[in-house]
Number of protein chains: 2
Amino acid sequence: MTERLIQSVERAADILELFVATYPELSIKEISDHLGLSKSTVHGIIKTLEHRGYLQQNSDNQKYRLGVKLFELGNFVGKHLDIGNIARPIIRKLVEELNETVHLTVFERDEVIYIEKLEGSRALTIYSHIGKRAPIYCTGVGKAILAHQSEAEVDRLLLKSDLKPFTDFTLTNIEDIKNHLATVRGQGYAVDDEEIELGLKCIAAPIFNHQGKVVSSISCAAPKMRLDEEKLPKVITGIKAAAAEISRQLGYKDTH
Amino acid sequence: MTERLIQSVERAADILELFVATYPELSIKEISDHLGLSKSTVHGIIKTLEHRGYLQQNSDNQKYRLGVKLFELGNFVGKHLDIGNIARPIIRKLVEELNETVHLTVFERDEVIYIEKLEGSRALTIYSHIGKRAPIYCTGVGKAILAHQSEAEVDRLLLKSDLKPFTDFTLTNIEDIKNHLATVRGQGYAVDDEEIELGLKCIAAPIFNHQGKVVSSISCAAPKMRLDEEKLPKVITGIKAAAAEISRQLGYKDTH
DNA sequence: TCCAATCGTTCGACATTATCGAATGCCGTT
DNA sequence: AACGGCATTCGATAATGTCGAACGATTGGA
(Lines give C-alpha, C1' and ligand atoms only; values in the text may rest on other atoms or scores of the structure.)
Protein backbone atom coordinates (compact mmCIF):
# COMPACT_ATOMS: atom_id res chain seq x y z
CA MET A 1 0.00 0.00 0.00
CA THR A 2 2.46 2.58 -1.20
CA GLU A 3 -0.11 5.15 -2.25
CA ARG A 4 1.26 8.32 -3.66
CA LEU A 5 -1.19 11.01 -2.71
CA ILE A 6 -1.00 14.57 -3.89
CA GLN A 7 -0.16 16.79 -0.98
CA SER A 8 -1.81 19.98 -2.10
CA VAL A 9 -5.01 18.20 -3.07
CA GLU A 10 -5.15 16.62 0.34
CA ARG A 11 -4.62 19.99 1.91
CA ALA A 12 -7.40 21.44 -0.18
CA ALA A 13 -9.64 18.65 1.12
CA ASP A 14 -8.45 19.38 4.66
CA ILE A 15 -9.47 22.97 4.23
CA LEU A 16 -12.91 22.21 2.82
CA GLU A 17 -13.64 19.73 5.55
CA LEU A 18 -12.43 22.09 8.23
CA PHE A 19 -15.45 24.27 7.57
CA VAL A 20 -17.76 21.36 8.32
CA ALA A 21 -15.76 20.23 11.34
CA THR A 22 -15.36 23.59 13.02
CA TYR A 23 -17.30 26.57 11.81
CA PRO A 24 -18.90 27.56 8.52
CA GLU A 25 -16.89 30.75 8.31
CA LEU A 26 -13.13 30.83 8.73
CA SER A 27 -10.28 33.26 8.12
CA ILE A 28 -6.98 32.33 6.55
CA LYS A 29 -5.29 32.72 9.91
CA GLU A 30 -7.72 30.36 11.57
CA ILE A 31 -7.25 27.77 8.87
CA SER A 32 -3.47 27.95 8.90
CA ASP A 33 -3.47 27.67 12.69
CA HIS A 34 -5.80 24.67 12.63
CA LEU A 35 -3.84 22.82 9.98
CA GLY A 36 -0.38 23.91 11.01
CA LEU A 37 0.46 25.41 7.64
CA SER A 38 1.93 28.75 6.74
CA LYS A 39 -0.45 31.54 5.86
CA SER A 40 0.91 31.78 2.35
CA THR A 41 0.41 28.10 1.67
CA VAL A 42 -3.17 28.31 2.85
CA HIS A 43 -3.63 31.50 0.91
CA GLY A 44 -2.58 29.87 -2.35
CA ILE A 45 -4.93 26.94 -1.95
CA ILE A 46 -7.78 29.12 -0.74
CA LYS A 47 -7.49 31.47 -3.70
CA THR A 48 -7.54 28.50 -6.05
CA LEU A 49 -10.63 27.09 -4.39
CA GLU A 50 -12.28 30.49 -4.43
CA HIS A 51 -11.42 30.95 -8.10
CA ARG A 52 -13.23 27.70 -8.82
CA GLY A 53 -16.26 28.44 -6.66
CA TYR A 54 -15.52 25.92 -3.92
CA LEU A 55 -15.06 28.75 -1.46
CA GLN A 56 -16.26 32.29 -1.37
CA GLN A 57 -15.09 35.25 0.52
CA ASN A 58 -17.39 37.30 2.66
CA SER A 59 -17.17 40.94 1.71
CA ASP A 60 -17.29 42.64 5.10
CA ASN A 61 -15.27 40.43 7.38
CA GLN A 62 -12.83 38.86 4.99
CA LYS A 63 -13.59 35.34 6.04
CA TYR A 64 -14.30 32.45 3.74
CA ARG A 65 -17.14 29.97 3.53
CA LEU A 66 -17.94 26.99 1.36
CA GLY A 67 -19.08 27.98 -2.10
CA VAL A 68 -22.02 27.11 -4.27
CA LYS A 69 -19.94 24.92 -6.55
CA LEU A 70 -20.04 22.34 -3.80
CA PHE A 71 -23.80 22.70 -3.65
CA GLU A 72 -23.91 22.07 -7.38
CA LEU A 73 -21.68 19.02 -7.20
CA GLY A 74 -23.56 17.71 -4.19
CA ASN A 75 -26.86 17.90 -6.02
CA PHE A 76 -25.35 16.14 -8.99
CA VAL A 77 -24.14 13.38 -6.74
CA GLY A 78 -27.55 13.14 -5.13
CA LYS A 79 -29.14 12.55 -8.50
CA HIS A 80 -26.61 10.17 -9.97
CA LEU A 81 -25.40 8.36 -6.93
CA ASP A 82 -28.72 7.19 -5.68
CA ILE A 83 -28.99 3.70 -4.39
CA GLY A 84 -30.67 2.28 -7.46
CA ASN A 85 -27.85 3.27 -9.74
CA ILE A 86 -25.22 2.02 -7.36
CA ALA A 87 -26.93 -1.24 -6.66
CA ARG A 88 -28.02 -2.21 -10.17
CA PRO A 89 -24.69 -3.41 -11.58
CA ILE A 90 -23.87 -5.23 -8.37
CA ILE A 91 -27.23 -6.94 -8.31
CA ARG A 92 -26.91 -7.81 -11.97
CA LYS A 93 -23.68 -9.61 -11.31
CA LEU A 94 -25.21 -11.44 -8.39
CA VAL A 95 -28.16 -12.58 -10.49
CA GLU A 96 -25.79 -13.98 -13.10
CA GLU A 97 -23.88 -15.75 -10.39
CA LEU A 98 -26.89 -17.29 -8.68
CA ASN A 99 -29.39 -17.36 -11.50
CA GLU A 100 -32.12 -16.46 -9.07
CA THR A 101 -34.31 -13.43 -8.57
CA VAL A 102 -32.76 -10.63 -6.52
CA HIS A 103 -34.72 -7.73 -5.02
CA LEU A 104 -33.64 -4.34 -3.77
CA THR A 105 -35.77 -2.49 -1.22
CA VAL A 106 -35.70 0.80 0.57
CA PHE A 107 -37.09 1.58 3.98
CA GLU A 108 -39.03 4.80 3.88
CA ARG A 109 -41.85 6.16 5.97
CA ASP A 110 -42.06 2.95 7.97
CA GLU A 111 -42.43 0.86 4.85
CA VAL A 112 -40.22 -1.54 2.98
CA ILE A 113 -40.64 -0.95 -0.73
CA TYR A 114 -39.24 -2.92 -3.64
CA ILE A 115 -37.39 -0.57 -5.92
CA GLU A 116 -35.52 -3.04 -8.10
CA LYS A 117 -36.08 -6.60 -9.23
CA LEU A 118 -33.79 -8.62 -11.44
CA GLU A 119 -34.77 -12.14 -12.46
CA GLY A 120 -32.72 -15.19 -13.21
CA SER A 121 -33.55 -17.29 -16.25
CA ARG A 122 -35.62 -19.92 -14.46
CA ALA A 123 -39.07 -20.98 -15.48
CA LEU A 124 -40.44 -20.77 -11.98
CA THR A 125 -40.13 -17.20 -10.83
CA ILE A 126 -41.28 -15.23 -7.89
CA TYR A 127 -44.29 -12.97 -7.92
CA SER A 128 -43.36 -9.48 -6.87
CA HIS A 129 -43.02 -6.12 -8.51
CA ILE A 130 -41.30 -2.81 -8.13
CA GLY A 131 -43.12 -0.34 -5.98
CA LYS A 132 -44.88 -3.02 -3.98
CA ARG A 133 -44.76 -2.94 -0.19
CA ALA A 134 -43.29 -5.79 1.79
CA PRO A 135 -44.42 -6.68 5.33
CA ILE A 136 -41.62 -5.86 7.71
CA TYR A 137 -42.00 -8.73 10.20
CA CYS A 138 -42.17 -11.76 7.93
CA THR A 139 -39.99 -11.10 4.90
CA GLY A 140 -36.27 -11.37 4.52
CA VAL A 141 -35.90 -7.80 3.31
CA GLY A 142 -38.06 -6.49 6.12
CA LYS A 143 -36.30 -8.40 8.87
CA ALA A 144 -32.85 -7.49 7.56
CA ILE A 145 -33.80 -3.84 8.02
CA LEU A 146 -35.71 -4.30 11.27
CA ALA A 147 -32.77 -6.09 12.87
CA HIS A 148 -30.71 -2.91 12.70
CA GLN A 149 -33.17 -0.45 14.17
CA SER A 150 -33.20 0.67 17.78
CA GLU A 151 -35.30 -1.39 20.15
CA ALA A 152 -37.76 1.46 20.57
CA GLU A 153 -38.09 1.71 16.82
CA VAL A 154 -38.63 -2.04 16.51
CA ASP A 155 -41.38 -1.91 19.14
CA ARG A 156 -43.05 0.99 17.42
CA LEU A 157 -42.96 -0.72 14.04
CA LEU A 158 -44.16 -4.07 15.30
CA LEU A 159 -46.98 -2.54 17.34
CA LYS A 160 -48.02 -0.65 14.26
CA SER A 161 -48.14 -3.85 12.20
CA ASP A 162 -51.09 -6.21 12.42
CA LEU A 163 -48.73 -9.24 12.50
CA LYS A 164 -51.10 -11.23 10.38
CA PRO A 165 -50.05 -14.88 9.82
CA PHE A 166 -49.54 -15.50 6.11
CA THR A 167 -48.58 -19.15 6.61
CA ASP A 168 -48.24 -21.55 9.51
CA PHE A 169 -44.60 -20.49 9.75
CA THR A 170 -45.22 -16.78 10.21
CA LEU A 171 -44.07 -15.46 13.57
CA THR A 172 -46.84 -13.35 15.08
CA ASN A 173 -45.67 -12.89 18.63
CA ILE A 174 -43.62 -9.78 19.30
CA GLU A 175 -41.19 -11.46 21.68
CA ASP A 176 -40.59 -14.32 19.24
CA ILE A 177 -39.89 -11.86 16.48
CA LYS A 178 -37.50 -9.82 18.61
CA ASN A 179 -35.55 -12.91 19.58
CA HIS A 180 -35.38 -13.90 15.96
CA LEU A 181 -34.08 -10.43 15.03
CA ALA A 182 -31.16 -10.91 17.41
CA THR A 183 -30.16 -13.97 15.38
CA VAL A 184 -30.51 -12.02 12.16
CA ARG A 185 -28.30 -9.28 13.53
CA GLY A 186 -25.74 -11.78 14.68
CA GLN A 187 -25.37 -13.66 11.43
CA GLY A 188 -25.57 -10.61 9.20
CA TYR A 189 -28.41 -11.91 7.05
CA ALA A 190 -32.08 -12.72 7.39
CA VAL A 191 -33.89 -15.85 6.29
CA ASP A 192 -37.54 -16.00 5.37
CA ASP A 193 -38.45 -19.67 5.35
CA GLU A 194 -42.01 -19.90 4.02
CA GLU A 195 -43.11 -17.20 6.42
CA ILE A 196 -45.04 -15.26 3.83
CA GLU A 197 -45.73 -17.87 1.20
CA LEU A 198 -45.48 -21.65 1.24
CA GLY A 199 -42.59 -22.92 -0.85
CA LEU A 200 -40.83 -19.54 -0.93
CA LYS A 201 -37.52 -18.97 0.76
CA CYS A 202 -35.51 -15.75 0.86
CA ILE A 203 -32.05 -14.76 2.00
CA ALA A 204 -31.68 -11.06 2.68
CA ALA A 205 -28.95 -8.71 3.91
CA PRO A 206 -29.02 -5.13 5.15
CA ILE A 207 -27.44 -2.19 3.33
CA PHE A 208 -25.80 0.53 5.39
CA ASN A 209 -25.53 4.12 4.24
CA HIS A 210 -22.71 6.56 4.89
CA GLN A 211 -24.14 7.39 8.31
CA GLY A 212 -24.09 3.72 9.28
CA LYS A 213 -27.87 3.52 9.17
CA VAL A 214 -29.70 0.68 7.50
CA VAL A 215 -31.89 2.21 4.85
CA SER A 216 -32.37 -0.67 2.46
CA SER A 217 -31.82 -4.33 1.86
CA ILE A 218 -31.43 -6.90 -0.88
CA SER A 219 -32.69 -10.42 -1.03
CA CYS A 220 -32.51 -13.53 -3.12
CA ALA A 221 -35.88 -15.21 -3.41
CA ALA A 222 -36.36 -18.71 -4.74
CA PRO A 223 -38.51 -21.81 -4.39
CA LYS A 224 -37.41 -23.50 -1.20
CA MET A 225 -36.47 -26.72 -3.01
CA ARG A 226 -33.90 -24.92 -5.12
CA LEU A 227 -32.00 -23.60 -2.11
CA ASP A 228 -30.42 -26.92 -1.18
CA GLU A 229 -27.36 -27.68 0.90
CA GLU A 230 -25.06 -26.93 -1.97
CA LYS A 231 -26.64 -23.70 -3.14
CA LEU A 232 -27.69 -22.09 0.13
CA PRO A 233 -24.17 -21.15 1.30
CA LYS A 234 -23.43 -19.61 -2.09
CA VAL A 235 -26.57 -17.51 -1.87
CA ILE A 236 -25.75 -16.37 1.63
CA THR A 237 -22.20 -15.46 0.74
CA GLY A 238 -23.27 -13.72 -2.46
CA ILE A 239 -26.04 -11.68 -0.86
CA LYS A 240 -23.85 -10.60 2.03
CA ALA A 241 -20.99 -9.63 -0.25
CA ALA A 242 -23.27 -7.68 -2.59
CA ALA A 243 -24.89 -5.84 0.31
CA ALA A 244 -21.49 -5.00 1.72
CA GLU A 245 -20.30 -3.69 -1.62
CA ILE A 246 -23.38 -1.51 -2.07
CA SER A 247 -22.90 -0.21 1.47
CA ARG A 248 -19.30 0.59 0.73
CA GLN A 249 -20.20 2.51 -2.40
CA LEU A 250 -22.80 4.42 -0.44
CA GLY A 251 -19.99 5.64 1.75
CA TYR A 252 -20.33 3.19 4.61
CA LYS A 253 -17.11 2.67 6.49
CA ASP A 254 -17.07 -0.77 8.06
CA THR A 255 -15.23 -0.39 11.34
CA HIS A 256 -14.76 -3.79 12.92
CA MET B 1 -3.82 40.35 -11.08
CA THR B 2 -0.91 38.06 -10.62
CA GLU B 3 -2.81 35.29 -8.90
CA ARG B 4 -0.76 32.33 -7.96
CA LEU B 5 -3.05 29.36 -8.22
CA ILE B 6 -2.12 25.85 -7.20
CA GLN B 7 -1.91 23.72 -10.28
CA SER B 8 -2.80 20.37 -8.79
CA VAL B 9 -5.77 21.79 -6.93
CA GLU B 10 -7.04 23.28 -10.16
CA ARG B 11 -6.59 19.96 -11.86
CA ALA B 12 -8.49 18.23 -9.09
CA ALA B 13 -11.31 20.73 -9.68
CA ASP B 14 -11.08 20.09 -13.41
CA ILE B 15 -11.52 16.39 -12.79
CA LEU B 16 -14.48 16.78 -10.45
CA GLU B 17 -16.23 19.11 -12.83
CA LEU B 18 -15.56 16.86 -15.79
CA PHE B 19 -17.99 14.35 -14.35
CA VAL B 20 -20.73 16.96 -14.37
CA ALA B 21 -19.82 18.25 -17.82
CA THR B 22 -19.50 14.93 -19.61
CA TYR B 23 -20.66 11.76 -17.94
CA PRO B 24 -21.16 10.65 -14.35
CA GLU B 25 -18.79 7.72 -14.76
CA LEU B 26 -15.31 8.07 -16.21
CA SER B 27 -12.16 6.01 -16.46
CA ILE B 28 -8.68 7.37 -15.84
CA LYS B 29 -7.94 7.12 -19.54
CA GLU B 30 -11.03 9.15 -20.44
CA ILE B 31 -10.12 11.82 -17.92
CA SER B 32 -6.51 12.10 -19.02
CA ASP B 33 -7.60 12.32 -22.65
CA HIS B 34 -10.16 15.01 -21.89
CA LEU B 35 -7.78 17.12 -19.87
CA GLY B 36 -4.62 16.45 -21.85
CA LEU B 37 -2.71 15.12 -18.86
CA SER B 38 -0.68 11.97 -18.46
CA LYS B 39 -2.40 8.96 -16.99
CA SER B 40 -0.08 8.89 -14.01
CA THR B 41 -0.78 12.52 -13.15
CA VAL B 42 -4.49 11.88 -13.28
CA HIS B 43 -4.03 8.67 -11.36
CA GLY B 44 -2.31 10.44 -8.51
CA ILE B 45 -4.99 13.08 -8.17
CA ILE B 46 -7.80 10.57 -8.56
CA LYS B 47 -6.43 8.33 -5.85
CA THR B 48 -6.15 11.29 -3.55
CA LEU B 49 -9.73 12.31 -4.25
CA GLU B 50 -10.89 8.75 -3.81
CA HIS B 51 -8.99 8.46 -0.54
CA ARG B 52 -10.91 11.48 0.72
CA GLY B 53 -14.29 10.34 -0.53
CA TYR B 54 -14.65 12.89 -3.31
CA LEU B 55 -14.57 10.10 -5.86
CA GLN B 56 -15.33 6.44 -5.65
CA GLN B 57 -14.37 3.61 -7.87
CA ASN B 58 -16.94 1.27 -9.30
CA SER B 59 -16.04 -2.30 -8.52
CA ASP B 60 -16.92 -4.04 -11.76
CA ASN B 61 -15.86 -1.67 -14.49
CA GLN B 62 -13.04 0.20 -12.84
CA LYS B 63 -14.48 3.60 -13.58
CA TYR B 64 -14.87 6.43 -11.12
CA ARG B 65 -17.80 8.54 -10.09
CA LEU B 66 -18.30 11.46 -7.73
CA GLY B 67 -18.32 10.38 -4.11
CA VAL B 68 -20.65 10.93 -1.19
CA LYS B 69 -18.28 13.39 0.45
CA LEU B 70 -19.42 15.90 -2.11
CA PHE B 71 -23.01 15.11 -1.21
CA GLU B 72 -22.15 15.77 2.40
CA LEU B 73 -20.43 19.06 1.66
CA GLY B 74 -23.22 20.07 -0.70
CA ASN B 75 -25.82 19.54 1.99
CA PHE B 76 -23.77 21.51 4.45
CA VAL B 77 -23.56 24.36 1.99
CA GLY B 78 -27.28 24.15 1.40
CA LYS B 79 -27.93 24.61 5.10
CA HIS B 80 -25.39 27.27 5.88
CA LEU B 81 -25.20 29.17 2.66
CA ASP B 82 -28.86 29.89 2.36
CA ILE B 83 -29.88 33.29 1.20
CA GLY B 84 -30.82 34.54 4.62
CA ASN B 85 -27.39 33.96 6.05
CA ILE B 86 -25.69 35.46 3.05
CA ALA B 87 -27.93 38.48 2.92
CA ARG B 88 -28.12 39.33 6.60
CA PRO B 89 -24.73 40.98 7.09
CA ILE B 90 -25.03 42.84 3.81
CA ILE B 91 -28.47 44.11 4.70
CA ARG B 92 -27.30 45.05 8.15
CA LYS B 93 -24.63 47.24 6.70
CA LEU B 94 -27.10 48.83 4.33
CA VAL B 95 -29.50 49.60 7.16
CA GLU B 96 -26.71 51.35 9.06
CA GLU B 97 -25.85 53.31 5.96
CA LEU B 98 -29.38 54.41 5.14
CA ASN B 99 -31.01 54.21 8.56
CA GLU B 100 -34.17 52.92 6.92
CA THR B 101 -36.00 49.61 6.97
CA VAL B 102 -34.72 47.00 4.53
CA HIS B 103 -36.61 43.86 3.57
CA LEU B 104 -35.48 40.62 2.01
CA THR B 105 -37.96 38.47 0.11
CA VAL B 106 -37.95 35.17 -1.72
CA PHE B 107 -40.12 34.18 -4.63
CA GLU B 108 -41.52 30.74 -4.06
CA ARG B 109 -44.63 28.97 -5.33
CA ASP B 110 -45.76 32.10 -7.17
CA GLU B 111 -45.53 34.18 -4.02
CA VAL B 112 -43.24 36.89 -2.77
CA ILE B 113 -42.56 36.30 0.91
CA TYR B 114 -40.68 38.48 3.38
CA ILE B 115 -37.99 36.41 5.04
CA GLU B 116 -35.96 39.15 6.68
CA LYS B 117 -36.64 42.63 7.97
CA LEU B 118 -34.12 44.97 9.52
CA GLU B 119 -35.22 48.35 10.82
CA GLY B 120 -33.47 51.64 11.03
CA SER B 121 -33.70 53.68 14.21
CA ARG B 122 -36.47 55.99 13.08
CA ALA B 123 -39.63 56.60 15.03
CA LEU B 124 -41.89 56.19 12.02
CA THR B 125 -41.43 52.65 10.78
CA ILE B 126 -43.09 50.49 8.23
CA TYR B 127 -45.62 47.86 9.03
CA SER B 128 -44.58 44.51 7.70
CA HIS B 129 -43.40 41.27 9.12
CA ILE B 130 -41.42 38.19 8.26
CA GLY B 131 -43.43 35.47 6.61
CA LYS B 132 -45.98 37.89 5.22
CA ARG B 133 -46.88 37.75 1.53
CA ALA B 134 -46.39 40.73 -0.71
CA PRO B 135 -48.53 41.40 -3.79
CA ILE B 136 -46.38 40.92 -6.85
CA TYR B 137 -47.79 43.65 -9.10
CA CYS B 138 -47.72 46.67 -6.82
CA THR B 139 -44.75 46.35 -4.50
CA GLY B 140 -41.13 47.09 -5.14
CA VAL B 141 -39.98 43.62 -4.14
CA GLY B 142 -42.64 42.01 -6.30
CA LYS B 143 -41.95 44.10 -9.36
CA ALA B 144 -38.19 43.65 -9.06
CA ILE B 145 -38.74 39.91 -9.31
CA LEU B 146 -41.49 40.07 -11.90
CA ALA B 147 -39.37 42.19 -14.22
CA HIS B 148 -36.94 39.31 -14.68
CA GLN B 149 -39.37 36.51 -15.45
CA SER B 150 -40.25 35.35 -18.95
CA GLU B 151 -43.17 37.08 -20.64
CA ALA B 152 -45.25 33.92 -20.43
CA GLU B 153 -44.51 33.71 -16.74
CA VAL B 154 -45.43 37.36 -16.22
CA ASP B 155 -48.73 36.84 -18.01
CA ARG B 156 -49.50 33.78 -15.97
CA LEU B 157 -48.70 35.54 -12.71
CA LEU B 158 -50.62 38.67 -13.53
CA LEU B 159 -53.66 36.77 -14.74
CA LYS B 160 -53.58 34.83 -11.52
CA SER B 161 -53.57 38.03 -9.46
CA ASP B 162 -56.71 39.98 -8.82
CA LEU B 163 -54.90 43.30 -9.49
CA LYS B 164 -56.85 44.99 -6.74
CA PRO B 165 -56.16 48.76 -6.44
CA PHE B 166 -54.75 49.49 -2.99
CA THR B 167 -54.44 53.22 -3.67
CA ASP B 168 -55.19 55.62 -6.49
CA PHE B 169 -51.67 55.00 -7.75
CA THR B 170 -51.90 51.22 -8.08
CA LEU B 171 -51.53 50.01 -11.65
CA THR B 172 -54.32 47.54 -12.40
CA ASN B 173 -54.09 47.18 -16.15
CA ILE B 174 -51.92 44.33 -17.41
CA GLU B 175 -50.47 46.29 -20.31
CA ASP B 176 -49.59 49.24 -18.07
CA ILE B 177 -47.87 46.92 -15.66
CA LYS B 178 -45.92 45.17 -18.40
CA ASN B 179 -44.71 48.48 -19.80
CA HIS B 180 -43.70 49.55 -16.33
CA LEU B 181 -41.76 46.29 -15.87
CA ALA B 182 -39.67 47.11 -18.94
CA THR B 183 -38.57 50.29 -17.19
CA VAL B 184 -37.77 48.37 -14.02
CA ARG B 185 -35.69 45.90 -15.99
CA GLY B 186 -33.88 48.72 -17.76
CA GLN B 187 -32.88 50.67 -14.69
CA GLY B 188 -32.08 47.64 -12.54
CA TYR B 189 -34.36 48.62 -9.69
CA ALA B 190 -38.08 48.95 -9.01
CA VAL B 191 -39.92 51.82 -7.39
CA ASP B 192 -43.18 51.53 -5.53
CA ASP B 193 -44.50 55.04 -5.18
CA GLU B 194 -47.55 54.84 -2.93
CA GLU B 195 -48.91 51.98 -4.98
CA ILE B 196 -49.82 49.85 -2.02
CA GLU B 197 -50.09 52.40 0.75
CA LEU B 198 -50.35 56.17 0.72
CA GLY B 199 -47.19 57.82 1.94
CA LEU B 200 -45.06 54.71 1.49
CA LYS B 201 -42.28 54.53 -1.03
CA CYS B 202 -39.98 51.61 -1.73
CA ILE B 203 -36.88 51.06 -3.77
CA ALA B 204 -36.21 47.42 -4.61
CA ALA B 205 -33.65 45.43 -6.56
CA PRO B 206 -33.58 41.85 -7.81
CA ILE B 207 -31.20 39.17 -6.54
CA PHE B 208 -29.86 36.66 -9.03
CA ASN B 209 -28.83 33.15 -8.07
CA HIS B 210 -26.00 31.08 -9.52
CA GLN B 211 -28.18 30.03 -12.44
CA GLY B 212 -28.88 33.65 -13.31
CA LYS B 213 -32.47 33.36 -12.17
CA VAL B 214 -34.14 35.98 -10.00
CA VAL B 215 -35.31 34.22 -6.89
CA SER B 216 -35.48 37.02 -4.41
CA SER B 217 -35.26 40.74 -3.90
CA ILE B 218 -34.48 43.37 -1.32
CA SER B 219 -36.10 46.73 -0.78
CA CYS B 220 -35.76 49.85 1.24
CA ALA B 221 -39.11 51.09 2.48
CA ALA B 222 -39.65 54.53 3.92
CA PRO B 223 -42.20 57.33 4.26
CA LYS B 224 -42.22 59.09 0.92
CA MET B 225 -41.26 62.42 2.47
CA ARG B 226 -38.01 60.99 3.77
CA LEU B 227 -36.83 59.88 0.34
CA ASP B 228 -35.98 63.34 -0.91
CA GLU B 229 -33.75 64.49 -3.72
CA GLU B 230 -30.69 64.08 -1.60
CA LYS B 231 -31.45 60.70 -0.12
CA LEU B 232 -33.13 58.91 -3.02
CA PRO B 233 -29.97 58.43 -5.11
CA LYS B 234 -28.14 57.05 -2.08
CA VAL B 235 -30.92 54.56 -1.48
CA ILE B 236 -30.96 53.47 -5.10
CA THR B 237 -27.20 53.04 -5.22
CA GLY B 238 -27.15 51.23 -1.89
CA ILE B 239 -29.96 48.83 -2.70
CA LYS B 240 -28.52 48.00 -6.10
CA ALA B 241 -25.04 47.43 -4.70
CA ALA B 242 -26.33 45.26 -1.87
CA ALA B 243 -28.42 43.18 -4.25
CA ALA B 244 -25.44 42.76 -6.55
CA GLU B 245 -23.25 41.66 -3.67
CA ILE B 246 -25.78 39.11 -2.46
CA SER B 247 -26.13 37.83 -6.02
CA ARG B 248 -22.38 37.51 -6.31
CA GLN B 249 -22.14 35.55 -3.09
CA LEU B 250 -24.90 33.27 -4.30
CA GLY B 251 -22.67 32.39 -7.20
CA TYR B 252 -24.09 34.72 -9.83
CA LYS B 253 -21.60 35.63 -12.51
CA ASP B 254 -22.41 39.01 -13.96
CA THR B 255 -21.53 38.80 -17.63
CA HIS B 256 -21.99 42.14 -19.27
C1' DT C 1 -4.69 61.68 15.06
C1' DC C 2 -1.29 58.53 15.41
C1' DC C 3 0.56 54.20 16.76
C1' DA C 4 0.44 49.31 17.38
C1' DA C 5 -1.48 45.08 16.41
C1' DT C 6 -3.53 41.87 13.38
C1' DC C 7 -4.39 39.77 9.34
C1' DG C 8 -4.50 39.30 4.24
C1' DT C 9 -1.54 39.52 0.49
C1' DT C 10 2.80 39.52 -2.28
C1' DC C 11 7.61 38.20 -3.14
C1' DG C 12 11.77 35.47 -3.75
C1' DA C 13 14.60 31.45 -2.88
C1' DC C 14 14.80 26.77 -2.06
C1' DA C 15 13.98 21.91 -2.17
C1' DT C 16 10.17 19.33 -1.80
C1' DT C 17 6.88 17.40 -4.66
C1' DA C 18 4.17 16.73 -8.69
C1' DT C 19 4.89 15.46 -13.20
C1' DC C 20 5.89 12.70 -17.23
C1' DG C 21 7.21 8.61 -19.93
C1' DA C 22 8.37 4.09 -19.63
C1' DA C 23 7.78 -0.26 -17.55
C1' DT C 24 4.81 -3.48 -15.26
C1' DG C 25 0.80 -6.03 -14.31
C1' DC C 26 -3.94 -7.19 -14.75
C1' DC C 27 -7.96 -8.48 -17.05
C1' DG C 28 -10.89 -9.69 -21.15
C1' DT C 29 -10.98 -10.98 -25.97
C1' DT C 30 -9.79 -13.35 -30.07
C1' DA D 1 -1.64 -18.41 -25.72
C1' DA D 2 -0.91 -13.97 -27.39
C1' DC D 3 -2.62 -9.56 -27.93
C1' DG D 4 -4.70 -5.01 -26.67
C1' DG D 5 -6.28 -1.89 -23.48
C1' DC D 6 -6.20 -0.07 -19.30
C1' DA D 7 -4.85 0.82 -14.35
C1' DT D 8 -1.01 1.04 -11.71
C1' DT D 9 3.91 1.54 -10.29
C1' DC D 10 8.53 3.42 -10.75
C1' DG D 11 12.35 6.63 -11.29
C1' DA D 12 14.43 10.83 -12.89
C1' DT D 13 13.74 15.55 -13.64
C1' DA D 14 12.61 20.23 -13.02
C1' DA D 15 8.66 22.48 -12.32
C1' DT D 16 5.92 23.78 -8.65
C1' DG D 17 4.34 24.42 -4.08
C1' DT D 18 6.13 25.83 0.20
C1' DC D 19 7.95 28.78 3.70
C1' DG D 20 9.52 33.03 5.96
C1' DA D 21 9.88 37.67 5.52
C1' DA D 22 8.27 41.91 3.93
C1' DC D 23 4.42 44.74 2.64
C1' DG D 24 -0.18 46.77 2.92
C1' DA D 25 -4.65 47.49 4.66
C1' DT D 26 -7.68 47.77 8.38
C1' DT D 27 -9.01 48.19 13.14
C1' DG D 28 -8.98 49.60 17.87
C1' DG D 29 -7.04 52.13 21.50
C1' DA D 30 -4.44 55.74 23.63
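Only a predicted model underlies this, so the values are computations on that prediction, with no experimental measurement involved. Residue numbers begin at 1 in each chain, while the letters A, B, ... track the order of the sequences.
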- prompt: Taking 4.0 angstrom as the limit, do Lys234(A) and Glu97(A) come out as a salt bridge?
  reply: no
task: Between Ser38(B) and Ser27(A), name the one whose nearest nucleotide on DNA chain C is closer to the 5' end.
output: Ser27(A)
Glu30(A) CD to dC7(C) C1', straight-line distance once rounded to whole Å: 11 Å
message: At less than 4.0 Å, is any side-chain N or O atom of Lys39(B) found next to OP1 or OP2 of dG21(C)? Yes or no.
response: no
- prompt: Quick one: on DNA chain C, does Val42(B) or Arg11(A) contact a more 5' nucleotide (nearest heavy atom)?
  reply: Arg11(A)
message: In this structure, how many angstroms lie between the P atom of dT17(C) and the CG atom of Leu5(A), rounded?
response: 13 Å
- line: Winner on side-chain proximity to Ile6(B), out of dG17(D), dT9(C), dA7(D), is dG17(D)
- prompt: So, does Arg185(A) use its side chain to make a donor-acceptor pair with the main chain of Ala147(A) at under 3.5 Å?
  reply: yes
- prompt: Gln7(B) side chain N/O closer than 4.0 Å to the phosphate oxygens (OP1, OP2) of dA18(C)?
  reply: no
task: Just compare dA18(C), dC10(D), dT10(C) and give me whichever is closest to any side-chain atom of Ser40(A).
output: dT10(C)
query: Does Gln187(A) offer a backbone N or O that forms a donor-acceptor pair with the side chain of Lys240(A) under 3.5 Å?
result: yes
- request: For Ser8(B), report the nucleic acid contact type (base, sugar-phosphate, nothing); a contact means any heavy atom under 4.0 Å.
  value: sugar-phosphate
message: Closest approach to the side chain of Lys29(B), judged atom by atom: which nucleotide of dG17(D), dC6(D), dT9(D) is it?
response: dC6(D)
query: Does His43(A) make a side-chain N or O approach to OP1 or OP2 of dT9(C) shorter than 4.0 Å?
result: yes
- prompt: Taking only residues two or more places apart in sequence, or in another chain, which ones meet Thr237(A) in a side chain to side chain contact (heavy atoms under 4.5 Å, CB included)?
  reply: none
statement: With the side chain defined as heavy atoms from C-beta on, Gln57(A) is closest, among dT8(D), dT19(C), dT9(C), to dT9(C)
